[in-house]
Amino acid sequence: MAVYFDHRIEAPESTDVPSQLTWHAAFPVLAVASSRAAAGGTVDLYLQQGEHVESCHLERPHQPTVLHWHPTKPVLAVGWENGEVVLLTHPSGDQTVLPSTHAACIALLEWSSSGSRLVTGDQFGALAVWKVDARGRLQGNYLVKHEYNNPLTCCIFRPASPGDDVAMLARASVSGDESALDMFSWKGAPLKMGPQEGLAFYVSTADGKVHSVDEHCKTSTLLSVDGEIKNLFYLEKREALAVITETMMLSQYSLGPEGGAQEFLKVKLSSKSGQNVDIVWTDNSLLITAAGEQVIRLWDLERDDNYVLALDETLGFERGEMINCVSYCAGKQLLTAGTNLGRIAMWRMVVQPGSRGGDTKTQWKLQTPTEIGGNVTCLQWGSSLNLLAANNSNTALILWEHVMSAHFSQQVAAVQLTPTHLSVTQFATGVHLALQSDIHIKGVCVTKDSVTVWSGKQVTVYELSGTALRNTGSFPCDSHVVAVHGENLYTVEPNRVQIRTPQGTVKQLLTFSKAEGNPILLSVCQSYLVVGTDTAHIRVFDLSRRDAKAHCNAKNLAEQIANLGGLRSVKCNANGSQISILISQVNGRPDHKVYFYDVEMDTVTHFDFFIGRPSSGIAQLEESERQQFQVTELSGRCPVSHFWDECEPRLFVCETMSVGSESSSTSFFDMVDVSVVTLFCTQEHGLLLQDCYPKPAGLQALLALDVPYYYFSCKPGERDPGLTEGSATTSAPQYQTQPPRGGPAQFPHMVSRRPLRDFVGLENCEKSTRDAMLNFSFYLTIGDMDEAFKAIKLIKSKAVWENMARMCVKTRRLDVARVCLGNMGNARAAKALKEAEAEPEPEAQVAMLAIQLGMLEDAEKLYKSCQRYDLLNIFYQASGQWQKALETAEVYDRIHLRTTSYSYAKYLESMGDKTLAITYYENSDTHKVEVPRMLQDDTLSLEVYVSKMKDKNIYKWWAQYLESQSDMDSALRFYECAQDYLSLVRVHCYMGNIQKASEIANDTGDRAASYHLARHYEGHDDIKQAVHFYTRAQAYNNAIRLCKENGLDDQLMNLALLSNPEDMMEAACYYEEKGTHMDRAVALYHKAGYVSKALELAFATQQFSALQMIAEDLNENSDPALLARCSDFFITHSQYEKAVELLVAAKKYHQALELCVAQNLTITEELAERMTVTDSKDLSEEARKELLERIADCCMRQGNYHLATKKYTQAGNKLKAMRALLKSGDTEKIVFFANVCRQKELFIMAANYLQSLDWRKNPEILKTIIGFYTKGRAPDLLAGFYEACAQVEIDDYQNYEKALDALTEAAKCLSKTKDSSTGQQEVRLAKLQHKITLIKKFVHARRLYVEDAGEAVRLCEGLLEEPDLDPAVRIGDAFGFLVEHHCQQGNFQMAYRKLEELQKLLPMQNIRYYISQSSLEALKKEMGELMDRGDNRHSVKDDDEVEEDLNVS
């Protein structure tokens, strides 16, 4: 809470009642204009405490009409009644009179946003624009003058359009930004800067016109309205102009880019007629008016909303009090209003947590009024200090906000109520005192014997004696901070602290060096004084002796703390070992950390409330769930105030607020998100979190911590409703030192106290118990359970143990909780806790403990933290929070949604709310049973509900109810609605309507209805109808029974076939016993699954057609004897294929195979598979292989080689399998089979087969042949294959080179062959080597021919002399070589002779095969007739050869 100090202006005696007030926007300077009817008027300037600036005094024989400050410079423009305009400069008092321009009363003065332009206007409509330099000095005559011929009323400048920020570009250029440098460089494009200020403006006249004046001072009419214009406002967000006329008509115009204006809104503002209306316009488009009413009116133009704010009599306002004027402070978000009874009302804008801009009216909170007397006619906020000036019709007052002073020490608390009043409470005696001082109180300090107050200029000391306060001393002192210890006062002045007596006598000086700075902060705790300086040094002094002694050396915190801007607060603990510090950062913002200086260790550590953890070096928090749970509540916060317990040096408390509210709230006392954090601080364990809880509602600020209480200041009437031990006892006597005029005053209690968490129920305990509880809490915090129990083992109070149990909920120590519950004797809670141990989540177990202790909010948080929404749902139900239970079930626990709805419906039913109960019974889908039960006593409501629901089950229930009431017709109607055909038939049968019942049963086909009707017909001996309806009901056994009993054999067969096997069996037995229709008996036995019985009966009665039908259903699972018997039957009737199948099913495979061979039946793959025995129990392995081979042999005879291969393979005879596969000619499978079996014989067989193929054209086959011979280890066969390859190359292609390579490989293979007995292998190898030698010679001769033809011919002729040349080198090829040579040499005679010689050696062959066509043509050309005769001689042979070839082919 804040109080407002009011300072009357020190006006000169010559001045009269103030008429106008105006603040400078930046400087704390107030201009006041005063009017005197006879002697003219004056203008004076005053400072923030009302001091008159004598040098700045204006006096004229005329009245001042307009005052307007320069926006940045301390220059005031004053307009006078005679048209004079004067510029007054502060503080020099220089006066500049503008050149005479106006001849009438000045009506308006307006500065541009930066002050470079001044607009003046008078009542005759003359308007002038003046240019002013950067120092606020006038530059020459006016720039332009316009005559509008009507009185001017308002003027506003239009804001400039955004352009390049020159300062930002300059900073970027210095940092090296090339693009920014280019913008400044002459080489680049010219810098496009928007105007530094808007020079265009709008001016209104009394005839309702608004004129626009652009930056070049050219004027044009913008718009026109009806009536005189009273105010102009510019809506920057909408780029619109708002106009208010004297009749309170509000019009809004959108401004186009070309200068036009378009009206888009026009509304009449509410106002009391005949009154001067005070109108305020805020930056967030809020229009506020005061017109001498009991309310102020607000219009939100952005949201198109309006509302009113009224005064509250409970806060001190009177009934009928009128509001004359308003003013709004954007910096404080404070709206002020002045009343006719001399009060200033203040509304603070408070955004509640979770508020999403709903009802704006609720966001304004009315504060306690400030009384200044008189009739407040004018209010104005101003200056950077947010000062408020008020005119109460007598004088002007300056009010400035002061956060209320409060202090607590030694069980005495003092809280400031007004600038001069204190509320003093002595908690030890319960005495409440009121203190009225003669000075404005800026600070207060109390001890158990005294109250000290100071104003910054004077210090006054009051002695507490019983129920009275006695002034014991008062002395002038400029100290802004004072501390008290015993009989000594401590005040500050530059570079020292003064120790004074209560009368002001200085007893001792504590000096500080220049480096240590000037003392600015003082704090006393027990016998220790801590001093903080403006250079961030701290010093501690011991006050326990006669003179103060230094407790430690000065500590420079700037060396230890980075980004330190200044000290905000310093506090010392009870034994002087720890100093806590709050600081401001360099940028002026408060730091998020609390720093701790350990005096003995000379170390600085901190606790960071932004992350919720201490520094790593001071304390290692227990990484348990308890600490993690609590630390998360500390993050994102900032410390505001801090205190040490006056007796316990370990206990520290800090008040924190969320970082978001830090910037959004202007007053700490109005913040809503504030938490109180308690820590233990020791050298050994560092900082340990003891407790954290939100500040209770109704309390304002933490004053102190004095175990077992926290002490808070509070507003009157807003104490925390949950506190039973709030402030000093309400019935305590109240006293006041100086009753003010007007009678005795009753000052409210301003201090409230709240017990620490560990001391709830122990507020009045003795010191030993208090110490024990503190030790217990400390040891429990550090996790030392042994020491914790030692600390409290002698405490027998149940309240103590209950408090400890509650602590266990916070710390999640269930082991400790069990001991506490035992000491409390709470068996029910102990049992519930033991049962909760079955839950896997520790939080769920702790939540049950919290429930048993009545800590329902904690239980709710715990269930949510472990996401046990099922248990949370049960908790909500048990605590009667049904809406939360339903919401939880809807979102998180849908599996129990219907159960929750059912439970809520039962609850509503018990509460008598049947209408809502029906809704939740329906949601739980139990309404079909529960609603009729609930409404059974209210027949009329039940009938309405049944008709409304249109539910078949409910219809049926209602029909049954009506039937029980003998209302058969209504029952039938509702049975029909429910489509309950059984009940319809039953009731119709009961009523004798058999025909109607039959129609229902036939039409609907309902089995139950048909069965009931069949029973009815059977009871009345109508067998035919009974059988019919038994059949429709599919009750075939009953129908069969009636047919047997009544000889209905024809119907019996059909019914038996529709029924189950048991009924078929009974019918078959019936036919068999009767001896007729044996075919039916066989069919029924077969259909019922009694195949053997059916076969026996079929054989016995020679039912061959039936026998064949039965045989089709036989399989391997049938009786072998039956299968054999049936097979014989089919063999007899020449149905061999069916007989084979039955023999196979009977596992008589040999007989089946013999039958196949005898009757030449084709063995299919399916039949072969069925004959392939896989179970060793049926045949031995040898017999199975024999059977498989016989099957394969049969398949071979039938030409099914693939199946034969498969069976041979299954029999293990892979050679036969390969032979079968070779017969099939499937090359791909042959190759695959050989590769899979990997046997030498199979490789050789496959290779031999592949030689029969055209391997010359398929290289893959050639490779496979070679590979198979190689894998089959048959080098002799491979050699033979190579010889064959060589011969092919010679015969077909005359390619002796490839033939030579092949023979070489053959020789290699033969060399690897082992000849065990005879020497044939050597002979064969020798022949092969000889053949290779001959071919080599021939190949050599052909190659040598190019180089030495003669030698080549000689070698060839030598080869012809070899006796066994022909097998190796064909004679024709050798002669052909010679013929070709002689033809090329032109020796055709020799060539012909060689040709004749070749013909003689090969008389049966065509010699042209060996000689090229070109050589033959050359011979024929040269030899002529000889060649022709030779051709004729051999023509017959040629024809024979062709004929022979044709025959061969």
side-chain contact (heavy atoms from CB on, under 4.5 Å) for Asp969 and Met991? Distances and angles first, verdict last. CA-CA 10 Å; Asp969 294 335; Met991 298 174 65; 4.3 Å; yes
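- When all heavy atoms of Cys989 and Leu1013 are compared, the pair lying nearest together is SG-CD1, 3.7 Å.
- Judged by distance alone, the side chain of His1020 and the main-chain N or O of His1016 form a donor-acceptor pair under 3.5 Å.
- The side-chain hydrogen bond (donor to acceptor under 3.5 Å, both in side chains) pairs that include a residue from residues 992-1004 are His988-Asn993, Ser998-Tyr1017, Asn1002-His1028, where partners are two or more places apart or lie in different chains.
- No salt bridge links Glu976 with Arg973; every basic N to acidic carboxylate O contact stays at or beyond 4.0 Å.
- Under the side chain to side chain donor-acceptor pair (under 3.5 Å) criterion, Glu963 pairs with Tyr975, Arg986, not counting sequence neighbours.
- The closest donor-acceptor contact from the side chain of Arg812 to the backbone of Val846 lies at 3.5 Å or more, if one exists at all.
- The shortest non-hydrogen separation linking Ala889 to Thr900 is CB-OG1, 3.8 Å.
- Taking the side chain to side chain donor-acceptor pair (under 3.5 Å) definition, one finds that His896 meets it with Asp893, sequence neighbours left out.
- For Gln852, there are no side chain to side chain donor-acceptor pair (under 3.5 Å) partners, not counting sequence neighbours.
- The shortest side-chain heavy-atom distance between Tyr904 and Asn923 does not fall under the 4.5 Å cut-off.
- Under the rule for a ring pair (Phe, Tyr, Trp, His ring centres under 6.0 Å), Tyr863 has no partner lying at least two apart in sequence or in another chain.
- Aromatic pair Trp958/Tyr961: ring centres closer than 6.0 Å.
- Of all heavy-atom pairs between Cys866 and Ala844, the closest is SG-N, 4.1 Å.
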Step by step, would you call Arg1015 with His1012 a side-chain contact (heavy atoms from CB on, under 4.5 Å)? CA-CA 5 Å; Arg1015 291 290 302 272; His1012 183 85; 5.8 Å; no
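- With salt bridges taken as basic N to acidic carboxylate O contacts below 4.0 Å, none links Glu857 and Lys861.
- Nearest heavy atoms, Tyr920 versus Ala905: CB-CB, 3.8 Å.
- For the side chain to side chain contact (heavy atoms under 4.5 Å, CB included) test, residues two or more places apart in sequence or in another chain that qualify with Asp938 are Leu940, Ser941.
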